[in-house]
Amino acid sequence: MAVSTRNVAILGATGSIGRATLDVVASLGDSWNVWGVSGHSRSEELSQIARQTTPEMAVLTGDADPQSLDLPGKTRLLTGADALVELATAPEVDVVMAAIVGRAGLESTLAALQAGKRVALANKEALVVGGPLVHAMRQNGGELLPVDSEHSAIFQCLTSGGGSLAEGKKSVRKLILTSSGGPFRTWTTAQMRDASIEDALKHPTWNMGRKISIDSATMMNKGLEVIEARWLFDIPADRIEVVVHPQSIIHSMVEFEDGSILAQLSPPDMRLPIQYALTYPERLPCIAPPLDRSRAWDLSLEPVDHDRFPALNLAFEVARVGGTAGAVVNAANEQAVALFLDGQIRFTDIVPACRMALENHQHESEPSLQRLLQLDRWARAEVQRWSCGMQA
């Protein structure tokens, strides 16, 4: 019996998750095909990916000259943010890998879900910004499978008995997200105040992009994952917990009402959760390395220091109130991280900038997409204005 081809669209193909997805799809064999790819500013890398995979469609969203791309003859080139939606909703596409960093991935994620696609979600900001909207779009038949290693671990624990996610959630007491603690796990607040950009980018476990690396250093990345978990699993914030696990082997845990805890363990390699999101419910051989059980492993857990990492308290507030709070804090964080990477503010100014924006906005419980996008622009401008006042 012939196996039908599964067509994958990789949004954010030039990033670390996108490149890992290319590896996974190639390893899955001829029944899997890269149908479309997108990139933002790395036109040369997008060209290279297209030549390797010969997709039907390539999308360039940044300012690079489209004429600079060297694409195969069969590949149709589209430009601009609107083209992401066209790629994500193409009838030929079965699975959309949503790996665009930041709020820019929201519209294409919503469109893919509305079109009934399976969305492998690596873009946590889509749920942070538009959680209620994403939740509603899933009712149209679209599937949302987590790619973040922490949420993939929770999903695997909840469905480990072979039942549905809804059945697995019935007896849950806590979802426990693990965090490496980032590069400043042992730093004092005073040391972090003087942290350089290079210090903040030195993640001890994962090789990630600049923005996500800074988020890991502030632990805002984990805070965004708390908000994401609230919407992804439809679990209230007071049933979500964060612990520090420096080795990044235990990717997350679920505590059940009887006190039992299930955990998912594997070496820190994103290709495993990527493959699971693509192929669920099947478990197939994976190119990610297995855990080496011939050596001793230190699997330690530590409580989070909320005083040194106030981003987590802020995130739990956002997860509790929902509505417009996620859009404001996400946009404020993106702007503040950009200012830090540009040398305009201190590392320890990032979270206060986010709190300032949250407190200065008028909260709405049931915003439209248009309102969320308006507040995204407002929060970025508010942080920029705030930073200028600091420098004056």
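Keep in mind that this is a model prediction, so the values were computed, not measured.
Ala353 approaches Ala332 most closely through the heavy-atom pair O-CB, 4.3 Å. The two residues Val101 and Asn123 come nearest to each other via the heavy atoms C-ND2, 3.9 Å. The heavy-atom pair separating Gly343 from Ile197 by the smallest distance is N-CD1, 4.3 Å. The nearest pair of heavy atoms linking Ala120 to Ala277 is CB-CB, 3.8 Å. Across all their heavy atoms, Ala311 and Thr218 have their closest contact at CB-O, 3.6 Å. Closest approach of Val129 to Ala327, counting heavy atoms only: CG1-CB, 3.7 Å.
Salt-bridge annotation for Lys222 and Glu225: present, with a side-chain N of the basic residue lying under 4.0 Å from a carboxylate O of the acidic one. Checked for salt-bridge contact, Glu150 and Lys124 miss the test: no charged N lies under 4.0 Å from a carboxylate O. Note on Lys74 versus Glu56: salt bridge recorded, some NZ/NE/NH1/NH2 to OD/OE distance being below 4.0 Å. By the 4.0 Å N-to-carboxylate-O rule, Asp194 lies close enough to Arg346 to be salt-bridged with it. By the 4.0 Å N-to-carboxylate-O rule, Asp376 lies close enough to Arg380 to be salt-bridged with it. Ion pairing between a basic and an acidic side chain is recognised when a charged N comes within 4.0 Å of a carboxylate O; Glu364 and Arg371 show such pairing.
Within the 4.5 Å cutoff, the side chain of Leu177 has heavy atoms near those of the Ile154 side chain. In this structure the side chain of Pro289 reaches within 4.5 angstrom of the side chain of Asp269, judged on heavy atoms. Inter-residue side-chain proximity for Arg239 and Val172 is flagged as met; some heavy-atom pair is nearer than 4.5 Å. Residues Val24 and Met97 have side chains not in contact (no heavy-atom distance under 4.5 Å, counting atoms from C-beta outward). Proximity of Ile249 to Pro268: side-chain heavy atoms (C-beta onward) are separated by under 4.5 Å at one or more points. Looking only at side-chain heavy atoms (C-beta outward), Ile214 and Leu201 come within less than 4.5 Å of each other. Here the side chains of Gln264 and Ser252 are not in contact, with every heavy-atom distance at 4.5 Å or above. The shortest side-chain heavy-atom distance between Met219 and Phe184 does not fall under the 4.5 Å cut-off.
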Practice prompt. Please report the C-alpha distance between Ser300 and Glu302 in whole Å, then the side-chain angles of each, then the deciding distance to 0.1 Å, and finally whether the side-chain hydrogen bond (donor to acceptor under 3.5 Å, both in side chains) criterion is met.
Written response: CA-CA 7 Å; Ser300 59; Glu302 305 169 5; 4.6 Å; no
**OP:** Could you please spell out the steps behind the side chain to side chain contact (heavy atoms under 4.5 Å, CB included) verdict for Phe233 and Ile240?
**Re:** CA-CA 10 Å; Phe233 301 109; Ile240 303 171; over 6 Å; no
Exercise. What's the verdict on side chain to side chain contact (heavy atoms under 4.5 Å, CB included) for Gln384 and Ser387, showing C-alpha distance, side-chain angles and the deciding distance?
Worked result: CA-CA 5 Å; Gln384 186 67 47; Ser387 70; 3.8 Å; yes
Query - Candidate pair His251 and Ser152, rule side-chain hydrogen bond (donor to acceptor under 3.5 Å, both in side chains), full reasoning - result: CA-CA 8 Å; His251 293 291; Ser152 177; over 6 Å; no
Set out, in order, the CA-CA distance, both residues' side-chain angles and the distance that settles side-chain hydrogen bond (donor to acceptor under 3.5 Å, both in side chains) for Gln156 and Ser160, then state yes or no. CA-CA 6 Å; Gln156 292 180 59; Ser160 61; over 6 Å; no
Report the C-alpha distance between Ile250 and Leu265 in whole Å, list the side-chain angles of each, state the deciding distance to 0.1 Å, and finish with yes or no for side chain to side chain contact (heavy atoms under 4.5 Å, CB included).
-> CA-CA 5 Å; Ile250 303 172; Leu265 284 69; 3.9 Å; yes
| said: Using the rule given for side-chain hydrogen bond (donor to acceptor under 3.5 Å, both in side chains), can you reason through Asp342 versus Gln344, listing the C-alpha separation, both sets of side-chain angles and the distance that settles it, and then say yes or no? | reply: CA-CA 6 Å; Asp342 198 36; Gln344 297 186 45; 2.5 Å; yes
List the steps, then state whether side chain to side chain contact (heavy atoms under 4.5 Å, CB included) holds for Asn221 with His203. CA-CA 12 Å; Asn221 194 47; His203 196 280; over 6 Å; no
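The main-chain N or O of Leu284 is found under 3.5 Å from a side-chain atom of Gln275 such that the two form a donor-acceptor pair. Looking only at distances, no side-chain donor or acceptor of Ser216 sits under 3.5 Å from a matching main-chain atom of Ser213. No donor-acceptor distance shorter than 3.5 angstrom exists from the side chain of His151 to the backbone of Pro146, with no hydrogens or angles considered. With hydrogens and angles ignored, the 3.5 Å screen pairs no side-chain donor or acceptor of Trp32 with any backbone N or O of Ser27. Proximity of a side-chain donor or acceptor of Arg308 to a complementary backbone N or O of Trp187 within less than 3.5 Å is detected. Not one N or O on the side chain of Lys117 forms a donor-acceptor pair closer than 3.5 Å with the backbone of Gly142. The backbone N or O of Thr14 sits less than 3.5 Å from a side-chain atom of Arg19, completing a donor-acceptor pair. Side-chain atoms of His363 come within 3.5 Å of backbone N or O of Gly322 as a donor-acceptor pair. Although no hydrogens or angles enter the test, the distance criterion places no donor-acceptor pair under 3.5 Å between the side chain of Glu125 and the main chain of Leu106. Not one N or O on the side chain of Thr54 forms a donor-acceptor pair closer than 3.5 Å with the backbone of Arg51.
Going from atom CZ of Arg173 over to atom CD of Glu257 covers 5.5 Å, rounded to the nearest 0.5 Å. Taking CE of Met57 as the reference point, atom CD of Glu92 lies at 7.5 Å (rounded to 0.5 Å). For the atom pair Glu241 CD and Leu312 CG, the distance stands at 11.5 Å (nearest 0.5 Å). In this structure, OG on Ser38 lies 4.5 Å from CD1 on Ile100, to the nearest 0.5 angstrom. Here the OG1-CD distance, from Thr53 to Gln48, works out to 10.5 Å after rounding to the nearest 0.5 Å. Rounded to the nearest 0.5 Å, atoms CG (Leu314) and CE (Met220) are 5.0 Å apart.
The neighbour count for Gln374 CD, taken as heavy atoms of other residues, nucleotides or ligands under 6.0 Å away, is above 12. The neighbour count for Asn360 CG, taken as heavy atoms of other residues, nucleotides or ligands under 6.0 Å away, is above 12. Within a 6.0 Å sphere centred on CG of Asp258, other residues, nucleotides and ligands contribute more than 12 heavy atoms.
Follow the hydrophobic side-chain contacts under 4.5 Å out from Leu28 and you never reach Ile287; the two are in separate clusters. In the hydrophobic clustering of ILVMFWY residues, with side-chain heavy atoms under 4.5 Å counting as a link, Ile261 and Trp297 come out together. Side-chain heavy atoms closer than 4.5 Å link hydrophobic residues (I, L, V, M, F, W, Y) into clusters, and following such links, possibly through other members, connects Ile350 to Ile227. Leu358 and Met356 end up in the same hydrophobic cluster when Ile, Leu, Val, Met, Phe, Trp and Tyr side chains are linked at under 4.5 Å. Under a hydrophobic clustering in which Ile, Leu, Val, Met, Phe, Trp and Tyr are joined whenever their side-chain heavy atoms come within less than 4.5 Å, directly or via other members, Leu133 and Trp231 fall into the same cluster.
The aromatic rings of Phe155 and Tyr280 sit perpendicular to each other, their planes meeting at more than 60°, with 30° as the lower class boundary. Ring geometry for Trp378 against His361 counts as tilted: the plane angle lies between 30° and 60°, on a 0 to 90° scale.
Side chains of Asn330 and Glu334: a donor on one and an acceptor on the other come within 3.5 Å.
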